[in-house]
Amino acid sequence: MNSDVKILIIEDEGAIRNLIATALQTSGYMYEVASNGTSALLLLSTHQYDMVLVDLGLPDIDGVEIIKKFRSFSTTPVIVISARSNDEDKINALDEGADDYLTKPFNVEELLARVRSTLRRTHYLDNKSNEEEHIFTNGLLKIDYVSQSVFVAGEEIHLMPIEYSLLCLLAKNVGKVLTHQYILDKVWVNSIESDLSSLRVYLTSLRKKIEKKSHEKYIQTHIGVGYKMVRVVSAEEKQKNE
Ligand code: CA
């Protein structure tokens, strides 16, 4: 199935480009490469890709500019792979529409895991039928958007309205890192800076409620940046796939 997936690698350093290309090829993905921003934008505007991996430090155009331009005409997932490790750069790239972020030096296995999870998320969004839109499931977690109820392992969990809104926002963006500011803007109306500490408080309490019974980790903390809901593969699903 991977052979239907075509990924564009935008990276100016030959050694890293080859490392990524080899990893993708070994996993059965098709790929194309661009070594600068100009050729990347040309390829992006003329070809169809299933995913884009982009370095931020390119010789001609900043990677963030590429994401910004690309997002004006495409929703294809973008993963940033960059040596820039400060929070501001991550937040900036995510706010411009990147789906995930990997800091160099990176582990190839981790890159492949991010690629898989991002593809699963896109696949999930593409194949969702109307009925499924009412119900969100992830491992043992289930959200019924119509009755606004949440279940873990079949048991209903009682959430405060703000916890429920937080959970829905994360679920609707499963696999994507959401910045603190993005979450505050969506969940807290007229957010002020001090709301960041209350976001942490509600997030912690939400996490406790949904992770206690299932022992599954749904919400990842990206320190200084934000949060991401990850797709959990349950033991049952794992067996099915083997
Ligand atoms: Ca570079």
Side-chain angles (χ1 to χ4, degrees), residues 2-122 173 175-182 220-228 230:
N2 285 355
S3 62
D4 300 336
V5 174
K6 198 201 254 177
I7 301 175
L8 180 65
I9 307 166
I10 310 171
E11 170 64 67
D12 60 318
E13 271 174 79
I16 298 176
R17 206 165 54 227
N18 291 342
L19 176 72
I20 299 172
T22 308
L24 294 180
Q25 195 172 32
T26 312
S27 296
Y29 300 110
M30 293 192 290
Y31 68 88
E32 281 177 17
V33 297
S35 57
N36 59 59
T38 313
S39 59
L41 283 174
L42 182 67
L43 285 172
L44 289 172
S45 57
T46 51
H47 292 64
Q48 273 299 121
Y49 298 98
D50 300 290
M51 185 182 294
V52 178
L53 305 178
V54 61
D55 176 28
L56 296 184
L58 296 167
D60 52 349
I61 305 172
D62 193 278
V64 174
E65 281 306 307
I66 296 179
I67 297 171
K68 207 187 216 171
K69 289 214 170 73
F70 186 49
R71 276 288 170 262
S72 67
F73 62 88
S74 174
T75 56
T76 297
V78 173
I79 301 179
V80 169
I81 305 175
S82 172
R84 294 182 204 164
S85 58
N86 70 60
D87 296 343
E88 219 172 290
D89 287 320
K90 287 184 193 171
I91 291 167
N92 197 12
L94 294 165
D95 280 343
E96 291 301 345
D99 292 80
D100 206 347
Y101 198 106
L102 200 57
T103 306
K104 290 178 189 170
F106 60 90
N107 176 311
V108 167
E109 286 308 316
E110 178 167 10
L111 168 66
L112 291 171
R114 301 279 182 105
V115 167
R116 282 194 300 273
S117 90
T118 305
L119 284 172
R120 268 204 302 275
R121 169 176 158 252
T122 325
N173 293 281
K176 184 167 164 40
V177 181
L178 303 180
T179 62
H180 295 134
Q181 195 54 53
Y182 181 85
Q220 255 179 17
T221 301
H222 290 245
I223 294 164
V225 177
Y227 300 97
K228 171 168 95 173
V230 290

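Ligands are counted one by one from 1 in listed order, and the atoms in each one are counted from 1 as well.
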Legend entry - Check: Ile10 and Asn36 side chains under 4.5 Å, non-hydrogen atoms: no
Legend entry - pair Arg71-Glu96: side-chain heavy atoms closer than 4.5 Å: no
Inset, instruction - Would you check if there is a donor-acceptor pair between the side chains of Asp60 and Thr38 at a distance under 3.5 Å? - result: yes
Inset, instruction - Over all heavy atoms of both residues, which pair between Lys228 and Asp100 is shortest? Give the atoms and the distance, please. - result: NZ-OD2, 2.9 Å
Inset, instruction - Give the total of protein N/O/S atoms at a distance below 3.0 Å from the Ca ion (ligand 1). - result: 3
Inset, instruction - Describe, in one word, how the ring planes of His47 and Tyr49 are oriented to each other, choosing from parallel (under 30°), tilted (30 to 60°) and perpendicular (over 60°). - result: parallel
Legend entry - SB check Lys104 Asp55 (cutoff 4.0 Å): yes
